[in-house]
Amino acid sequence: MIAVALGGLLLDRATKAWALHALSAHDHQIVQGWLSLHLVYNSGAAFSMGTSFTVALSCISAAALVLVLVWVLPRARGWLDSFATGLIAAGIAGNLIDRLVREPGPLRGTVVDFIAVRYFAVFNVADVCITCAAVLFICWAVRSDRAVEHAADAEGGPAAADAPGAEVDGGAGERA
């Protein structure tokens with residue numbers, strides 16, 4: 001988890017430094033008309049929402065990072081939830097660092113976004129980490145639910161007894 005978090009954070013910081021240098025003069029088209037590299041300074045959240053709440057977003061990000069490190073990380077048991085935890089920590093930290101160190105000042109700084117998808121959004125590697133973590137957490141939750149159901153079925157637990165067509169033995173093998 002720590003390696004994933006540090007790797008994601010370093011990749012985010014390196015790509016943002018590159019974007020600030022390489023994209024300051026002009027954009028780069030990757031897939032003509034659909035995907036480009038375009039430098040944007042975002043003071044808001046996803047899709048530039050909440051641009052007047054930068055300080056609040058910074059505080060929420062700091063609290064979320066502490067929550068992930070103090071509450072989620074110790075509870076990560078498998079590779080999937082550990083990997084997702086590392087990704088979300090990297091994403092939160094990457095954008096929080098921008099808000100802390102970029103102009104116009106601490107807690108009010110803008111986030112560097114540069115991956116532009118036509119008709120969608122402009123985002124960065126930290127945002128990709130957060131999105132991938134969310135998808136992995138959903139996969140983990142679905143997988144965990146299936147494991148619980150399977151264990152209950154194997155033990156004849158509540159999930160098995162409540163299933164449609166389940167029979168209850170009333171002593172004479174009759175259906176209840």
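Taking CD1 of I130 as the reference point, atom CD1 of I92 lies at 5.5 Å (rounded to 0.5 Å). Note: L107 CG to S61 OG = 10.0 Å, rounded to the nearest 0.5 Å. Interatomic distance, CE of M1 versus CG of L6, reported as 8.5 Å (0.5 Å rounding). Separation of atoms CG (L69) and OG1 (T85) is listed at 9.5 Å; rounding is to 0.5 Å. If you take CG on D81 and SG on C139, they are separated by 12.0 Å, rounding to the nearest 0.5 Å. Going from atom CH2 of W34 over to atom OH of Y119 covers 6.0 Å, rounded to the nearest 0.5 Å.
Judged purely by atom type and a 3.5 angstrom limit, N42 uses its side chain to pair as donor or acceptor with the backbone of A45. The closest donor-acceptor contact from the side chain of K16 to the backbone of D98 lies at 3.5 Å or more, if one exists at all. Panel note: side chain T54, backbone S43; a donor-acceptor pair is recorded below 3.5 Å.
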(message) Walk me through whether E103 and T110 qualify under side chain to side chain contact (heavy atoms under 4.5 Å, CB included).
(response) CA-CA 7 Å; E103 293 296 327; T110 57; 5.9 Å; no
(request) Report the C-alpha distance between L37 and W18 in whole Å, list the side-chain angles of each, state the deciding distance to 0.1 Å, and finish with yes or no for side chain to side chain contact (heavy atoms under 4.5 Å, CB included). (result) CA-CA 11 Å; L37 301 178; W18 173 84; 3.5 Å; yes
(message) side chain to side chain contact (heavy atoms under 4.5 Å, CB included), that's the test. Do S24 and L20 meet it? Break it down for me.
(response) CA-CA 6 Å; S24 60; L20 288 167; over 6 Å; no
(request) Before giving the answer on side chain to side chain contact (heavy atoms under 4.5 Å, CB included), spell out for F53 and I60 the whole-Å C-alpha distance, their side-chain angles and the decisive distance to 0.1 Å. (result) CA-CA 10 Å; F53 299 103; I60 291 168; over 6 Å; no
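Considering all non-hydrogen atoms of both residues, C129 and G8 come closest at SG-CA, 4.3 Å. Of all non-hydrogen atoms in A84 and L136, the two that sit nearest each other are CB-CB, 3.7 Å. The nearest pair of heavy atoms linking S82 to A76 is OG-CB, 3.6 Å. The two residues A22 and H28 have their closest heavy-atom pair at O-NE2, 3.7 Å. Of all the heavy atoms in L65 and A89, the pair that sits closest is CD1-O, 3.8 Å.
I115 pairs in a side-chain contact (heavy atoms from CB on, under 4.5 Å) with only one of the listed residues (N124, T15, L35, I30), which is L35.
Note: the hydrophobic cluster containing L9 also contains L73 (ILVMFWY, side chain heavy atoms under 4.5 Å, direct or indirect links). Tracing side-chain contacts under 4.5 Å through hydrophobic residues (I, L, V, M, F, W, Y), one reaches Y41 starting from F123; they form part of the same cluster. Linking ILVMFWY residues whenever their side-chain heavy atoms come closer than 4.5 Å, directly or via other members, leaves V70 and I2 in distinct clusters. Placement of L57 and M49 in two distinct hydrophobic clusters is found when ILVMFWY residues are connected by side-chain heavy-atom separations under 4.5 Å, directly or transitively. L96 and W71 fall within a single hydrophobic cluster, where Ile, Leu, Val, Met, Phe, Trp and Tyr side chains are chained together by heavy-atom contacts under 4.5 Å.
More than 12 heavy atoms of other residues, nucleotides or ligands sit less than 6.0 Å from atom CZ of R118. For CZ of F114, the number of neighbouring non-hydrogen atoms (other residues, nucleotides, ligands) closer than 6.0 Å is greater than 12.
Side-chain contact between H38 and L23 is absent, with no heavy-atom pair separated by less than 4.5 Å.
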